[in-house]
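As the structure lists them, so they are numbered: ligands from 1, and atoms in each ligand from 1.
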Amino acid sequence: MRLVTHNDFDGITCAVLIDSVEEIDFITFEDPSRVQKREVDITKDDILTDLPYHHNCAMWFDHHSSNKPPEGAKFEGAFRVAPSAARVVFEFYDNPYLDKFKELVDAADKIDSGNITLEDVKSPKGYQLLSITLESDDIREDHDYRRRVIEWLERKKIDEILKIPEVVERFTKKLGDYEKFRQEVPKYTKLEGNICFTDMRGVKDPPKGPSYQIYSLWPDCNVSMKAFDFLNSPNEVGISVGHNVFNKTCKVDIGALMKKYGGGGHFGVGGCRVKRIDSDKVIGEIIGELKGKA
Ligand SMILES: [Mn+2]
């Protein structure tokens, strides 16, 4: 069997569990949108985890509310709206052999549902620290590294894993990138009431960091928006919007708001891409929708 899983920490935790209870010959990593758009070949020998359903697959495990199957739908595996897909897999097998991964699954719950603290953001530790080594801009990057992480998680304790030179090198680099981001991002960011807007349009070599770094810098905003360029599509601008995970007072359905502009997402986070010439207008409209919505 082949396992096709999401390239993030939850997807990797699913792989650790499935690899321990099923006969898996090969593990590959995918981005949810590629599965959604049917750009990935899926066969009856594939198990899918933490990704949208595909009708050809042998088994499917997921937890994203946007992927909820219709009532009575028949498939092998399990779906439940849960903090992580790893939790869905763990509960499905209910196998004493998997008990040693209990802490790992707890960590996947926290990380995948953004149930983290400001302290976790400022100085990540344990599984949280390992998870930042898996963040990457390019899905095709680092598959071999991900396979090594899966093997380590199967055999080693987290403290031992965090001493492996390759892991140390990766988290040291990431923490350095975050520090640079925290120093540079204020130059491109302004607070508009409850909205923190970071405008990276036209910025050469923009600083890179996850949105929770923004919330650690502007803890009072309850929603953030980012506008950015695409390397391969100069006439388009990307817009991403998210509720502040540390100040969950924004009641606007972001996925529904983004859908108006051809994008989508979840209740708390979403995005769209628009024509560059329209971007000022769209940004103004989105700010108008979000402003004062506490
Ligand atoms: Mn997940």
Side-chain angles (χ1 to χ4, degrees), residues 2-22 24 27-37 39-40 42 46-54 57 59-69 75-93 98 101-116 120-121 124 126-139 141-143 145-147 149-150 153-154 158 210-212 240 242-243 245 248 254-255 258 264-271:
R2 179 176 75 151
L3 174 67
V4 184
T5 193
H6 192 186
N7 62 324
D8 70 354
F9 187 79
D10 186 18
I12 275 154
T13 303
C14 291
V16 170
L17 301 176
I18 298 273
D19 194 33
S20 303
V21 289
E22 298 282 356
I24 300 296
I27 301 172
T28 181
F29 306 90
E30 276 302 342
D31 184 74
S33 68
R34 289 204 351 115
V35 178
Q36 189 85 48
K37 290 181 194 156
E39 289 172 5
V40 188
I42 300 294
D46 293 332
I47 298 176
L48 276 179
T49 50
D50 199 25
L51 289 169
Y53 180 72
H54 192 289
C57 72
M59 284 180 107
W60 173 59
F61 297 92
D62 192 23
H63 69 123
H64 294 93
S65 58
S66 53
N67 297 336
K68 195 176 182 10
F75 61 91
E76 295 295 321
F79 176 93
R80 176 167 85 82
V81 175
S84 69
R87 176 67 57 195
V88 177
V89 174
F90 189 77
E91 287 174 351
F92 176 84
Y93 286 98
L98 296 179
F101 299 123
K102 200 181 166 308
E103 260 182 53
L104 172 63
V105 176
D106 287 345
D109 273 356
K110 282 192 169 180
I111 293 166
D112 212 58
S113 64
N115 185 13
I116 54 173
D120 295 329
V121 170
Y127 291 109
Q128 175 83 27
L129 188 55
L130 180 64
S131 81
I132 71 170
T133 70
L134 298 163
E135 287 169 5
S136 97
D137 301 323
D138 186 350
I139 167 82
E141 247 173 39
D142 292 342
H143 285 185
Y145 174 67
R146 293 189 162 85
R147 290 185 192 105
V149 171
I150 291 167
L153 286 168
E154 287 171 359
I158 184 65
S211 58
Y212 53 73
S240 62
H243 293 168
V245 290
K248 294 180 178 169
I254 303 300
M258 293 298 102
H266 306 282
F267 180 74
V269 57

message: Rounded to the nearest 0.5 Å, what separates atom OG1 in Thr13 from atom CG in Leu153?
response: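 Here the rounded value is 6.5 Å.
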- request: Can you spot which of Asn115, Asp50, Asp109 makes a side-chain hydrogen bond (donor to acceptor under 3.5 Å, both in side chains) with Ser84?
  value: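 That would be Asp109.
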Which atom, among the N/O/S set of [X], is closest to the Mn ion (ligand 1)?
{"X": "His63", "result": "NE2"}
{"X": "Asp112", "result": "OD2"}
{"X": "Asp50", "result": "OD1"}

Examine [X] and say whether one of its N/O/S atoms is closer to the Mn ion (ligand 1) than 2.8 Å.
{"X": "Asp10", "result": "yes"}
{"X": "Asp62", "result": "no"}
{"X": "His64", "result": "no"}

Residues Asp46 and His54: side-chain donor-acceptor under 3.5 angstrom: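 No, no side-chain donor-acceptor contact under 3.5 Å.
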Minimum heavy-atom distance between Phe90 and Leu98, given as atom pair plus value: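 Looks like CE1-O, 3.4 Å.
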message: Looking at Asp106 and Arg87, is there a salt bridge between them, counting it only when a charged N and a carboxylate O are closer than 4.0 Å?
response: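 Judged by the 4.0 Å cut-off on N to carboxylate O distance, Arg87 and Asp106 do form a salt bridge.
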